[in-house]
J.: 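Right, I'll just put the structure down here and ask away after.
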Amino acid sequence: MLHGGRITAKLCRICQVCNLNSCWPRLASRKARGFVSSAVLQRVRRETPSVEKVLHFNHAGASPAAAPVLDRVLKHLQREAEIGGYAAADEAADEIAGVYTSIAELIGARSSDEIALVESATVAWMKAFSAVPLSSGDVILVAGRAEYAAQLVEEMRVCEEQGCRVEVAPSTSSGAVDVDALAKCLDEMGEQVKLVSLCHVPTNGGLVNPAEAVGEVCRSR
């Protein structure tokens, strides 16, 4: 996702417009694996004043704003005050469209048409989940016991309405989903499973679920 200066430049353009503030933790994790230079990391730190004052562990929820983000948001608010919200949005139309293109490049999407921007991860998940066709007898297989509460509540509500059910695959002692046990559940339940729901990085506790391995298991069946 981050391979040197080209994508990093795109990342900064995203931050300046849409307040995508998870740059620093992503860059830090990539640096550990040799993808990002120390110079890039130091620049990001200089642009994020909070790193000098706090150790912020809730990047999965909401990161402190970097200076370019704050500057761009304030600039847009000032322009709205001068000419109105609709006119300011029209002025920024090309820049906003560029955000979709930048995000598509960042995550390896086929085109910007695959990108949707919403106000929170919960809203994004709800929109995607509502598009999954479910009917009586279907199974939503939750990958491990670290499911996000809002998602589980919605899964249970839909199952009550549609006559489907929620099953939970076992976790390891660390709390992460047991990938081998998940594979066994998929084999036993077969075509009943219409959705595997995985919370990659739960809000609390520092857990990181093995999303890539779960994806491989699902694609193989």
J.: Checking R219 now: which residues fulfil side chain to side chain contact (heavy atoms under 4.5 Å, CB included) with it, not counting sequence neighbours?
T.: E216

J.: Working to the nearest 0.5 angstrom, can you tell me the gap between T48 OG1 and R43 CZ?
T.: 10.0 Å

J.: Mind listing the closest non-hydrogen atom pair of V132 and K194 along with its distance?
T.: CG1-O, 4.4 Å

J.: Could I get the full list of side chain to side chain donor-acceptor pair (under 3.5 Å) partners for S120, not counting sequence neighbours?
T.: none

J.: Should K184 and D180 count as side-chain neighbours, where that means a heavy-atom distance under 4.5 Å?
T.: no

J.: Can you list the residues that meet the side chain to side chain donor-acceptor pair (under 3.5 Å) rule with E114, with sequence neighbours excluded?
T.: R110

J.: Does I115 share a hydrophobic cluster with V118, counting links as ILVMFWY side-chain heavy atoms below 4.5 Å and allowing steps through other members?
T.: no

J.: Do you know the tightest heavy-atom contact between G175 and L207?
T.: O-CD2, 3.6 Å

J.: When clusters are formed by joining ILVMFWY residues with side-chain heavy atoms under 4.5 Å apart, either directly or through shared neighbours, do L41 and V54 land in the same one?
T.: no

J.: Here's a test for you: under side-chain contact (heavy atoms from CB on, under 4.5 Å), which of R45, R46, H56 qualifies with V51?
T.: R45

J.: Can you see which heavy atom on A146 is nearest to which on N209, and at what distance?
T.: CB-ND2, 4.4 Å

J.: Determine yes or no for a side-chain-to-main-chain donor-acceptor pair under 3.5 angstrom, with S111 supplying the side chain and D113 the backbone.
T.: yes

J.: Under the ring-ring contact (aromatic ring centres under 6.0 Å, His included) rule, what pairs show up with a residue in residues 189-221, not counting sequence neighbours?
T.: none

J.: Look at atom CD of E82 and say whether more than 12 heavy atoms of other residues, nucleotides or ligands are closer to it than 6.0 Å.
T.: yes

J.: Any pair with a residue in residues 119-171 that passes ring-ring contact (aromatic ring centres under 6.0 Å, His included), sequence neighbours left out, goes on the list, sorted by first then second residue, please.
T.: W125-F129

J.: Hey, can you pull the donor-acceptor pairs under 3.5 Å for the side chains in residues 85-93, sequence neighbours left out?
T.:
unit_1 : atom_1 : unit_2 : atom_2 : d
E91    : OE1    : R79    : NE     : 2.9
E91    : OE2    : R79    : NE     : 3.4
E91    : OE2    : R79    : NH2    : 2.7

J.: Using side-chain heavy atoms (C-beta onward) and a distance below 4.5 Å, is D138 in contact with Q192?
T.: no

J.: Mind checking what makes salt bridge (Lys or Arg N to Asp or Glu O under 4.0 Å) contact with R145, not counting sequence neighbours?
T.: none

J.: Report the hydrophobic cluster partners of M189, with the cluster defined as I, L, V, M, F, W, Y residues connected by side-chain heavy atoms closer than 4.5 angstrom, directly or transitively.
T.: V139, L141, V177, V179, L182, L186, V193, V196, L198, V214, V217

J.: For residues 158-170, dump all side-chain donor-acceptor pairs below 3.5 Å to protein atoms at least two apart in sequence or in another chain.
T.:
unit_1 : atom_1 : unit_2 : atom_2 : d
E161   : OE1    : R157   : NH1    : 3.3
E161   : OE2    : R157   : NH1    : 2.6
R165   : NE     : E167   : OE2    : 2.7

J.: If you compare all heavy atoms of P49 against all heavy atoms of A65, which two are closest, and at what distance to 0.1 Å?
T.: CD-O, 4.3 Å

J.: Once rounded to the nearest 0.5 Å, what's the spacing between atom CG of L195 and atom SG of C218?
T.: 9.0 Å

J.: Specify the closest pair of heavy atoms between C199 and P202, including all atoms of both residues, with the distance to one decimal.
T.: SG-CA, 3.7 Å

J.: S130: which residues meet the side chain to side chain contact (heavy atoms under 4.5 Å, CB included) condition with it, sequence neighbours left out?
T.: none

J.: One pair to check against side-chain contact (heavy atoms from CB on, under 4.5 Å): D178 and S171. What are the steps and the verdict?
T.: CA-CA 5 Å; D178 186 323; S171 296; 5.8 Å; no

J.: What pairs with E147 under side chain to side chain donor-acceptor pair (under 3.5 Å), at least two apart in sequence or on another chain?
T.: Q151, S197

J.: Would you please name every residue forming a side chain to side chain donor-acceptor pair (under 3.5 Å) with S174, sequence neighbours left out?
T.: T172

J.: Got more than 12 heavy atoms from elsewhere within 6.0 Å of CE, M126?
T.: yes

